[in-house]
Amino acid sequence: MSKKVRVRFAPSPTGPLHIGGVRTALFNYLFAKKHGGDFVLRIEDTDQNRYVEGAEDYIVESLNWCGISFDEGPNKNEKFGPYRQSERKDLYKQYADELIASGNAYYAFDTAEQLDAERKGHEEKGKTFIYNWHNRERGRLVNSLVLTEAETKAKIEAGEDFVIRFKSPQDETLHLTDIIRGNIKIDTNVLDDKVLFKSDGMPTYHLANIVDDHLMEITHVIRGEEWLPSLALHKLLYDAFGWEAPEFAHLPLILKPTGKGKLSKRDGDKMGFPVFPLEYTAPDGTVSRGYKEDGYFPEAVVNFLAFLGWNPGTEQEIFSLEQLVADFDLARVNKAGARFDPDKTKWFNHHYMQQQLDLELAEQFKAIRPELSDIDVNYIALVVGLIKERATFVNDFWDLSHFFFTAPTAYDEKASKKALKEGTADVMTKVIELVNATDDFTVENLQTNIKGWITDNEIGFGKVMMPLRLALVGALQGPDVFDIMYMIGKTETVSRIENLIA
Ligand code: GLU
């Protein structure tokens with residue numbers, strides 16, 4: 001690779017960014033950083049009908065949250081700018097004109113009704129209408145290939161709506177190469193003459209995308225599989241302009257958890273997982289959940305996205321963004337669809353939870369529980385250290401730890417049946433004595449005193465430890481009983497045992 005690697009993520013701001021889009025951005029980023037190149041964000045907003053207010057901000061915030069930072073983009077290092085296609089609008093017409101001049105494109109004046117009629121007529125005969133070599137010069141379609149130059153000019157001057165179509169070649173075989181899929185052969189006779197430009201002054205995706213990739217000196221186009229059918233046209237456009245085409249890599253689809261079909265928002269709604277990085281409120285007010293708000297760490301999201309289509313070829317599953325940059329290779333991206341596994345995303349989150357500092361987690365915990373507002377964050381951090389191994393999300397913390405902060409207000413029924421026997425009150429009264437007698441109130445001393453007493457009197461551990469746990473927790477769950485006693489302190493321990501006796 002001699003030229004500096006330059007890649008781009010080119011989303012259309014038509015709504016929230018699906019995690020598939022985040023994965024495309026991630027793979028572009030990894031490839032760029034791996035090769036010391038640039039990662040460009042370009043907003044493809046030429047289709048004004050599908051434009052959604054706020055979608056661009058959502059894209060930028062999502063990438064920022066994941067730590068996928070772009071080197072150039074709207075309002076950032078704009079050396080090839082602007083990076084919004086709507087702001088580059090005036091630039092594209094000359095390229096469409098250039099293609100007309102070189103015979104690679106033509107004006108077409110067919111109305112929507114005429115094209116509809118063609119489509120229906122074909123359907124009735126069991127055929128599919130494609131606007132191409134087969135019919136573009138037969139006289140039924142109205143374009144500059146059949147009109148005289150003067151007629152064409154007159155129509156344009158009279159303000160008739162037109163489009164500029166690409167004139168796809170006849171009877172040729174295209175040899176395309178994709179880094180992930182290898183060599184692909186395409187018969188040009190199956191291609192349709194795609195619209196490149198419209199009389200409203202806007203280019204279509206195809207023209208704007210190729211012109212911008214060229215002007216922005218993009219060396220590698222890494223994008224979703226859904227764009228593979230456009231590859232032939234894109235290659236033909238590069239050839240028509242006489243430009244060197246970038247290399248292409250089409251990433252595999254992300255499949256439903258069942259492995260059948262593309263992952264959709266509906267799958268997430270049905271099975272209870274987000275498909276968007278951040279929560280999204282649509283213009284109509286409907287809210288879609290996001291990984292961030294569901295309590296995922298960005299490191300976990302990046303890690304699971306990396307494995308949707310790529311693998312390192314080893315057993316290693318845990319990769320930081322830096323490690324991914326070091327190990328990423330397009331040669332290890334599969335062409336087969338990647339099955340999305342919601343359990344695996346939780347597994348990653350559990351892993352990254354253990355890596356977080358207890359104090360940081362404590363701050364997040366405190367922020368979501370009003371009960372903790374007056375409690376010292378250092379105490380909360382100690383609690384977090386005792387329970388986080390059993391948590392996947394910070395949201396799980398309260399259920400696992402409320403008894404470190406408040407006394408039980410009720411006792412679990414089943415647990416009570418199991419733990420409370422005749423004589424429990426006497427045993428618990430004795431435990432209170434032992435607790436009170438433990439001057440140096442450490443986990444070790446408590447353990448020695450209480451366990452020692454149990455052994456000396458041959459009482460049976462369950463008879464003491466079960467009601468004791470019930471008194472402290474309200475149920476028969478939780479971390480080590482002696483840890484809990486130490487954490488809540490002597491007075492609170494005694495008070496909770498008294499409550500149970502009462
Ligand atoms: N604007 C296209 C999209 O929304 C970009 C496709 C491409 O990367 O060429 O995905």
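Quick note: residue numbers are just sequence positions, from 1. Counting convention: from 1, in listed order, for ligands and their atoms alike.
Remark: Asp267 does not engage Lys265 in a salt bridge, criterion side-chain N to carboxylate O under 4.0 Å. By the 4.0 Å N-to-carboxylate-O rule, Glu279 lies too far from Lys292 to be salt-bridged with it. Ion pair Lys33/Asp71 flagged as a salt bridge, since at least one NZ, NE, NH1 or NH2 atom sits closer than 4.0 Å to an Asp/Glu carboxylate oxygen. Between Lys167 and Asp193 there is no salt bridge, since none of the side-chain N atoms of the basic residue sits less than 4.0 Å from a carboxylate O of the acidic one. Taking a cutoff of 4.0 Å between a charged side-chain nitrogen and a carboxylate oxygen, Arg42 and Glu72 do not qualify as a salt bridge.
Across all their heavy atoms, Pro274 and Tyr291 have their closest contact at O-OH, 2.8 Å.
Contact annotation for Thr24 and ligand 1: no heavy atom of the residue comes within less than 4.0 Å of the ligand. Contacts between Phe9 and ligand 1 below 4.0 angstrom, taking non-hydrogen atoms only, are absent altogether.
Of all atoms in ligand 1, numbered sequentially from 1 with element shown, those under 4.0 Å from a heavy atom of Asn209 are 7 (C), 9 (O). Of all atoms in ligand 1, listed by their number and element, those nearer than 4.0 Å to a heavy atom of Glu44 are 1 (N), 2 (C), 5 (C). Shown in contact with Arg223 at under 4.0 Å from a heavy atom are these atoms of ligand 1, numbered in order with element: 7 (C), 8 (O), 9 (O). Near Tyr205, with a cut-off below 4.0 Å to any heavy atom, the atoms of ligand 1 are 2 (C), 5 (C), 6 (C), 7 (C), 9 (O).
Applying the salt bridge (charged side-chain N to carboxylate O under 4.0 Å, His left out) test between Asp213 and each of Arg6, Lys235, Arg8, Arg223 identifies Arg8 as the sole match.
Between Glu226 and ligand 1 there is no heavy-atom distance shorter than 4.0 Å.
The shortest N or O to N or O distance between Ala10 and ligand 1 is below 3.5 Å.
Protein heavy atom nearest atom 4 (O) of ligand 1, with residue, atom name and distance: Ser12 OG, 3.2 Å. With hydrogens left out, the protein atom closest to atom 8 (O) of ligand 1 is Arg8 NH1, 2.7 Å, a heavy atom.
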